[in-house]
2 protein chains.
Amino acid sequence: MARSTNTRFAVAVHVLTYLAGDTGDRPVSSDELSTSTNVNPVHVRRVLGPLREAGLVRSRPGVHGGWELAVDAADVTLARIWRLLQGDDQVLGLHGPNPTCEVGRDVQESLTALDRVVADAVATELARFTVHDVLTRAVPKPL
Amino acid sequence: MARSTNTRFAVAVHVLTYLAGDTGDRPVSSDELSTSTNVNPVHVRRVLGPLREAGLVRSRPGVHGGWELAVDAADVTLARIWRLLQGDDQVLGLHGPNPTCEVGRDVQESLTALDRVVADAVATELARFTVHDVLTRAVPKPL
DNA sequence: CAATTCGTAATCGTCATGGTTGCGGATTGC
DNA sequence: GCAATCCGCAACCATGACGATTACGAATTG
């Protein structure tokens, strides 16, 4: 997959965990979330957009507006977040095909199939954990 | 992992498969390989560099120079190619931490640990196939 | 009505990736 | 020896993804 220069998944997990751990009654503003995640408020909103469409979070404008979880944190697997943000992006990355090369076509097909296998494996791993697991640190520790 | 805008792995698999299927005695030039893969000859050499250092391929300058496999295609797993080219790049991607936020630190740790789990899963899948498998199309077909 | 906060578009800087060129060195064959 | 071929490598450029930033409008609260 190559270096991931994309922080959306990380920001999403962070924000959802933050919301899950928030005890207050009031929603949390993009500004507060952006401070916690160290990114831009606009970026936070852009990341949360798809999650709201999927019904994971709610947002309200206005004076005491902001964001709040719309579901139980234990019901949100990281795989779901991943799919919502990364969609069906390729994991492995392909190169421009050369139609005149038979070997090329075959390799392309194989790599495409392989990408699916690998993407499934990633999703499987991410499905083992939920936002609640992250909040309670029930996630594999580094070596 | 985010969109993979990196074609090195694909190019490497393509080239190695090409070399594995090449019946001639002579090495294959970067130029021929670049035509087959539809990328630049310089890029081909850049991709093959690490593979040569790992002993997977040989290269020779001069009139009938070029590239050839240095090992049996059945001994080269795709996971090995992946590791050589992607190294220890992160799969998931992280965001800039905010040291003053405790939730942030914990999430970072969890994501780092998670990245390792996911990367291992990717490697495991890729280890199931070799260059020879790709050559003989013994790789999962698309739906 | 003023303050707050989201929604969204537009613009910009940065960085990874790969393309392109150029030159030097190694090898082959005449 | 000399020309042709081909790798090695550095330098520079074009493209595109990603976020930061700014700006403005709409919704909500008090």
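Per chain, numbering begins at 1; letters A, B, ... match sequence-line order.
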Q. What does nucleotides 22-30 of chain D look like as a protein-contact string, B for base, S for sugar-phosphate only, - for none, at under 4.0 angstrom between heavy atoms?
A. B----BBBS

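Both Trp67(A) and Leu84(A) belong to a common hydrophobic cluster when Ile, Leu, Val, Met, Phe, Trp and Tyr are linked at side-chain heavy-atom distances under 4.5 angstrom. In the hydrophobic clustering of ILVMFWY residues, with side-chain heavy atoms under 4.5 Å counting as a link, Leu94(B) and Leu114(B) come out together. Hydrophobic clustering (ILVMFWY, side-chain heavy atoms < 4.5 Å, transitive): Val71(A) and Leu135(A) are in distinct clusters.
Taken from OH in Tyr18(A) to OG1 in Thr37(A), the straight-line distance is 9.5 Å, to the nearest 0.5 Å. Distance check: Arg137(A) CZ to Thr17(A) OG1 gives 11.0 Å after rounding to the nearest 0.5 Å.
Using a 4.0 Å heavy-atom cutoff across all strands shown, Arg46(A) reaches at least one base atom of the nucleic acid. Backbone-only contact: Gly66(B) has heavy atoms under 4.0 Å from sugar-phosphate atoms and none from a base.
One can place CG of Asp89(A) at 11 Å from P of dA17(D), the figure rounded to the nearest angstrom. Atom-to-atom, CG of Leu33(A) to C1' of dT4(C) comes out at 15 Å; the value is rounded to the nearest Å. Computed from coordinates, the Arg58(A) CZ to dC6(C) C1' distance equals 16 Å when rounded to whole Å. Rounded to a whole Å, the CG atom of Leu48(A) is 13 Å from the P atom of dT8(C). At whole-Å resolution of the value, CD in Glu68(A) and P in dT5(C) are 14 Å apart. Between the CG atom of Asn6(A) and the C1' atom of dT14(C) there is a distance of 15 Å, given to the nearest Å. In this structure, the CG atom of Leu51(B) is 15 Å from the P atom of dC7(D), given to the nearest Å. Summarising the geometry, the separation between CD on Gln86(B) and C1' on dT17(C) is reported as 12 Å, rounded to the nearest angstrom.
A sub-4.0 Å separation between OP1 or OP2 of dC7(D) and a side-chain N or O of Ser30(B) is present. Using a 4.0 Å cut-off, some side-chain N or O of Thr7(A) falls inside it from OP1 or OP2 of dG19(D).
Residue Gly65(A) is the one, among Gly65(A) and Pro41(B), whose nearest nucleotide of DNA chain C lies closer to the 5' end (criterion: closest heavy atom).
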Q: Apply side-chain contact (heavy atoms from CB on, under 4.5 Å) to Asn6(A) and Leu85(A), showing your working.
A: CA-CA 10 Å; Asn6(A) 177 325; Leu85(A) 294 178; over 6 Å; no

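Qualifying salt bridge (Lys or Arg N to Asp or Glu O under 4.0 Å) partners for Glu68(A), counting only residues two or more places apart in sequence or in other chains: Arg58(A).
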